[in-house]
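So that we are looking at the same thing, I have put the structure below in structure tokens.
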2 protein chains.
Amino acid sequence: MGKALGIPLPSLRRLPLYYRHVRRVLDRGQEVISSGELGAACAVPAAQVRKDLRYVREYGRPGIGYNAHSLARRLEEFLGLVNDKEAVLAGAGNLGRALANYPGFARYGLRIVALFDRDPAKIGQKVGDTEVLPIWKLVDLARRLHIQMGIIAVPAEEAQSVADQMIAGGIKVIWNFSPITLNVPGDVYVKNQDLAAELATLSHWIARRRREEVDGESRREPAKESER
Amino acid sequence: MGKALGIPLPSLRRLPLYYRHVRRVLDRGQEVISSGELGAACAVPAAQVRKDLRYVREYGRPGIGYNAHSLARRLEEFLGLVNDKEAVLAGAGNLGRALANYPGFARYGLRIVALFDRDPAKIGQKVGDTEVLPIWKLVDLARRLHIQMGIIAVPAEEAQSVADQMIAGGIKVIWNFSPITLNVPGDVYVKNQDLAAELATLSHWIARRRREEVDGESRREPAKESER
DNA sequence: TAGATTGTTAATCGATTAACAATC
DNA sequence: TAGATTGTTAATCGATTAACAATC
């Protein structure tokens, strides 16, 4: 585990940042990029960049740097951005609708093929050009269409049940925006994205700053948060 | 740095999960909770839980566990959830509006006092009960009201400029939902929350699963993602 | 007392950083 | 050649895990 990944999780999470920057660099016609430049743009030390790129088997040329085209392709392949990925989204509240319309997702190959909610008032509504379906249709639809990802944007109380249904529908990758730790079998990968929990860590920084101001304590630099 | 935190970043990020669960436990009238139970609910080993709770100076009783009330209070205090925090939000697109309406934020003491956009068509619109203001008013308003947090939900091209304005307005904590690494002075804390980047790591899992199925390679358990 | 669970130390693990010979 | 930058090794750092005496 962890090592079964082939790549350390922290490294994996930096790859999209590299990819972002390489795309930008390509857009302005630059053909070559060094680990130093890439690192500066993503706030990652150059040695770390080089190590990370070795995991995706991208080779640079000493004295020169990395070929930007080849690097972009390699990252796209490793991250699977070239493949189309189909997802179902449960929860047609504010967050769910925002996610369904998020333009960044399509660019990375994600297609949200169905939106579910249990509220009868929401069923039948259009979000973008997908219609909101009743949640009981989820299992069957996921199974029939071999859906690869489930996105959970329902309240805490419903989240576990929705997850169970996604799993029953054969889904193995879940992106969980609800504030709950899901119980899932070992072969299901869950990415938690509880925004309130993130807020709480920011809240800590604010509280800390306030305390320091009151105490007149020496101001320390906060660690620039690298991983995410 | 890192140590200047007083608490390791991974530990800090687990605290909100503990807090979530302690609240739930309190709601059902349970007065005491062990590191084992708390850990099971948050997918964190018991020893780790105990170590984390030491950072917030919460003491348990051997043979018994932790007092749930006192633990909740301690976490609230450490995370600053009790304090009111005022934020401005830049970007009144789908994501910005969803964030402005997100109910989990108010519960953690966050108040979004103003919403900004540069699109004249959006200015004057109401989102919840705050009106969308033109972005050029941001610096002055942030300064006048001593706003503590800036939330960035604008497109990549505008993000750096918005960040600069927030910093000019005296804001030291930025929650950045845009797909760009911001350039900020050392005393500004940035929490990046690029959803497309997160999607890319999920995409990697899906691609990996696909490859393994094709290759008939032995299925490995994905590491259950703990940190976030 | 017996059983449960703490706080803490020591051992392990894994990721980051520094350094440098090799290469363009 | 001189300068830049790679890939990789070794050193460092920091976080996780195991283990257990102390305590309720």
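All figures in this text were calculated on a predicted structure; none of them were measured in a lab. Below, read A as the first sequence line, B as the second, and so on, with proteins coming before strands; counting in each chain starts at 1. Below, each value reflects all heavy atoms present in this structure, side chains not excepted, and no hydrogens, waters or symmetry copies.
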Contacts table for residues 29-45 of chain B: side-chain donor-acceptor under 3.5 angstrom, sequence neighbours left out:
residue: Q30(B); atom: OE1; partner: R28(B); partner atom: NH2; Å: 3.3
residue: Q30(B); atom: NE2; partner: V32(B); partner atom: O; Å: 2.9
residue: Q30(B); atom: NE2; partner: E37(B); partner atom: OE1; Å: 3.0
residue: Q30(B); atom: NE2; partner: E37(B); partner atom: OE2; Å: 3.3
residue: S34(B); atom: OG; partner: G36(B); partner atom: N; Å: 3.4
residue: S34(B); atom: OG; partner: E37(B); partner atom: N; Å: 3.1
residue: S35(B); atom: OG; partner: R50(B); partner atom: NH1; Å: 3.1

Without placing hydrogens or testing angles, list every side-chain donor-acceptor pair under 3.5 Å for residues 72-79 of chain A, not counting sequence neighbours.
residue: R74(A); atom: NH1; partner: R57(A); partner atom: O; Å: 3.3
residue: E76(A); atom: OE2; partner: Y19(A); partner atom: OH; Å: 2.5
residue: E76(A); atom: OE2; partner: R23(A); partner atom: NH1; Å: 3.0

Quick one: is dT9(D) close enough that its OP1 or OP2 comes under 4.0 Å of any side-chain N or O from R50(A)?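 No.
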Quick check: on DNA chain D, is the nucleotide nearest I64(B) upstream (toward 5') of the one nearest I33(A), or the reverse? Name the residue that is more 5'. I33(A)
Between F105(A) and R111(A), is there a cation-pi geometry (under 6.0 Å to ring centre, at most 45° from the normal)? no
Among dA19(C), dA10(C), dT5(C), which nucleotide has an atom closest to any side-chain atom of K51(B)? dA10(C)
Any side-chain N or O of Q48(B) below 4.0 angstrom from OP1/OP2 of dA15(D)?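 No, Q48(B) has no side-chain N/O under 4.0 Å of OP1/OP2 on dA15(D).
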Is there a side-chain contact between R61(B) and the phosphate of dT6(C), meaning an N or O under 4.0 Å from OP1 or OP2?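 Indeed not, no polar side-chain atom of R61(B) lies that close.
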Do H146(B) and E86(B) come close enough that some side-chain heavy atom pair is under 4.5 Å?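 Result no, sub-4.5 Å side-chain heavy-atom pair not found.
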Could you work out which one of dT17(D), dT9(D), dA22(D) sits closest to the side chain of P62(B)? dA22(D)
Round to the nearest Å and state the distance from Y59(A) atom OH to dT23(C) atom C1'.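 In whole Å, dT23(C) C1' and Y59(A) OH are 15 Å from each other.
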Kindly calculate the angle separating the two end axes of the helix from dG3(C)-dC24(D) to dC24(C)-dG3(D), each obtained from five base pairs, and round it to 10 degrees.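 Rounded value for the end-axis angle: 10°.
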Provide, to the nearest angstrom, the distance between the CG atom belonging to L12(B) and the P atom belonging to dG14(D).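 Spelled out: CG on L12(B) to P on dG14(D) is 17 Å.
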Testing the basics here: between A196(B) and Y102(A), what is the closest heavy-atom pair and its distance to 0.1 Å?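 Residues A196(B) and Y102(A), closest heavy atoms: N-CE2, 4.3 Å.
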Does a nitrogen or oxygen in the side chain of R54(A) sit under 4.0 Å from OP1 or OP2 of dT8(D)? yes
